[in-house]
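The next block holds one structure in the form of C-alpha cells; read it before the comments.
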Amino acid sequence: MIPKKLIALLALPLSVACSPISDEAEKIVGNYYIPEVSDTTPLMELNPDGTCTLRAVRPDVLTYSVTGRWDVKRDSLLITLDPSTLQWEGDRELIGDIPDRIGKKVLSFVNNQLSLENDGINYVYQLRK
C-alpha cells in the first residue's frame with residue numbers, strides 16, 4: 001500500500017503543471033485599456049484561467065466583444081476567438097469578419113504597460129487588474 005503522504009507529494013507537481021497558461025502569460029494577466037480609445041471599458045481581458053474577451057470600441061458608433069482563449073508562446077500573445085460569441089451595440093455592418101486566431105508580438109511589459117505589435121503597428125495597453 002502506498003502511504004497517503006507519498007500520493008500527495010506525487011500529485012502536487014501534476015496540479016502545478018496543469019496551469020492553463022504559460023509562466024510568461026501569468027505575468028500579464030489583467031484588464032487592458034488604451035485610454036485614447038476607452039478609459040472605462042477594457043479592450044482586452046486576459047484571465048488567469050486562459051479565457052479572454054476582446055473588444056473594439058468606437059464611441060457613439062459601435063462597441064463589440066468576442067470571447068476566446070489566450071496564452072503567450074515564445075514572444076507572442078496568441079488568441080483563439082469564438083466568433084459565435086460576438087455581442088455588439090451599434091451598427092453591426094461596421095464589424096466585418098471576426099478572425100479565429102490572432103497573434104501579436106509582445107514587444108515589452110514594463111510598469112503596467114503592455115506593448116504589442118500587430119501588422120507593423122505598435123499598440124500600448126495600460127494594465128488595470
Any chance CD of Glu89 has more than 12 other-residue heavy atoms, nucleotides or ligands included, within less than 6.0 Å? no

Could you state whether Val124 and Phe109 fall into the same hydrophobic cluster, counting links through intermediate Ile, Leu, Val, Met, Phe, Trp or Tyr residues with side-chain heavy atoms under 4.5 angstrom apart? no

Rounded at 0.5 Å granularity, tell me how far CD1 in Ile102 sits from CG in Leu54. 5.5 Å

State which residues pass side-chain hydrogen bond (donor to acceptor under 3.5 Å, both in side chains) with Thr41; sequence neighbours excluded, sorted by chain then number. none

Check side-chain contact (heavy atoms from CB on, under 4.5 Å) between Pro83 and all other residues, then give those that pass, not counting sequence neighbours. Ile98, Asp100

Contact between Val29 and Trp70 at the side-chain level, heavy atoms closer than 4.5 Å - yes or no? yes

Any sub-3.5 Å donor-acceptor pair from Arg69's side-chain atoms to Asp49's backbone N or O? yes

From Ile28 CD1 over to Asn112 CG, what is the distance, rounded to the nearest 0.5 angstrom? 12.0 Å

One should read off an interatomic distance between Asn47 CG and Ile21 CD1, to the nearest 0.5 angstrom, of 9.0 Å

Asp119: which residues meet the side-chain hydrogen bond (donor to acceptor under 3.5 Å, both in side chains) condition with it, sequence neighbours left out? none

Partners passing side-chain contact (heavy atoms from CB on, under 4.5 Å) against Arg74 (at least two apart in sequence or in another chain): none

Say whether, by atom type as modelled, one donor and one acceptor occur between the side chain of Thr85 and the main chain of Thr67 under 3.5 angstrom. yes

Could you walk me through whether Leu114 and Lys104 pass the side chain to side chain contact (heavy atoms under 4.5 Å, CB included) check? CA-CA 11 Å; Leu114 176 63; Lys104 298 181 180 192; over 6 Å; no

Working to the nearest 0.5 angstrom, can you tell me the gap between Asn122 CG and Leu116 CG? 9.0 Å

Quick check on the hydrophobic clustering: are Trp88 and Met44 connected, directly or via other members, by side-chain heavy-atom contacts under 4.5 Å? yes

Sorted by chain and residue number, the side-chain contact (heavy atoms from CB on, under 4.5 Å) partners of Pro59 (sequence neighbours excluded) come out as Val57

Got a sec, which pairs hit side-chain hydrogen bond (donor to acceptor under 3.5 Å, both in side chains) with one end in residues 55-66, sequence neighbours left out? Glu45-Arg55

Pairs flagged by salt bridge (Lys or Arg N to Asp or Glu O under 4.0 Å) wherever residues 30-40 is involved - sequence neighbours left out: Asp39-Arg128

side-chain hydrogen bond (donor to acceptor under 3.5 Å, both in side chains) filter on Lys73, not counting sequence neighbours, yields Asp71

Looking only at heavy atoms, what is the nearest atom pair of Pro20 and Gly50, with distance? CG-N, 4.2 Å

Inspect the surroundings of CZ in Arg101 and state if more than 12 heavy atoms from other residues, nucleotides or ligands are less than 6.0 Å away. no

Do Leu43 and Ile95 land in one hydrophobic cluster if side-chain heavy atoms of ILVMFWY residues count as linked below 4.5 Å? yes

Determine which pairs satisfy side-chain hydrogen bond (donor to acceptor under 3.5 Å, both in side chains) with at least one residue from residues 26-35, sequence neighbours left out, and list them in order. Ser19-Glu26

Can you sort out the partners of Ser84 under side-chain hydrogen bond (donor to acceptor under 3.5 Å, both in side chains), two or more places apart, ordered by chain and number? Asp82

For Asp75, check side-chain contact (heavy atoms from CB on, under 4.5 Å) against everything at least two apart and list the hits. Lys105

Gln113 CD to Leu127 CG distance, which is reported to the nearest 0.5 Å: 10.0 Å

Any side-chain heavy-atom pair of Leu77 and Val72 under 4.5 Å: yes

Same cluster or not: are Ile79 and Ile121 linked, directly or through other Ile, Leu, Val, Met, Phe, Trp or Tyr residues, by side-chain heavy atoms under 4.5 angstrom apart? yes

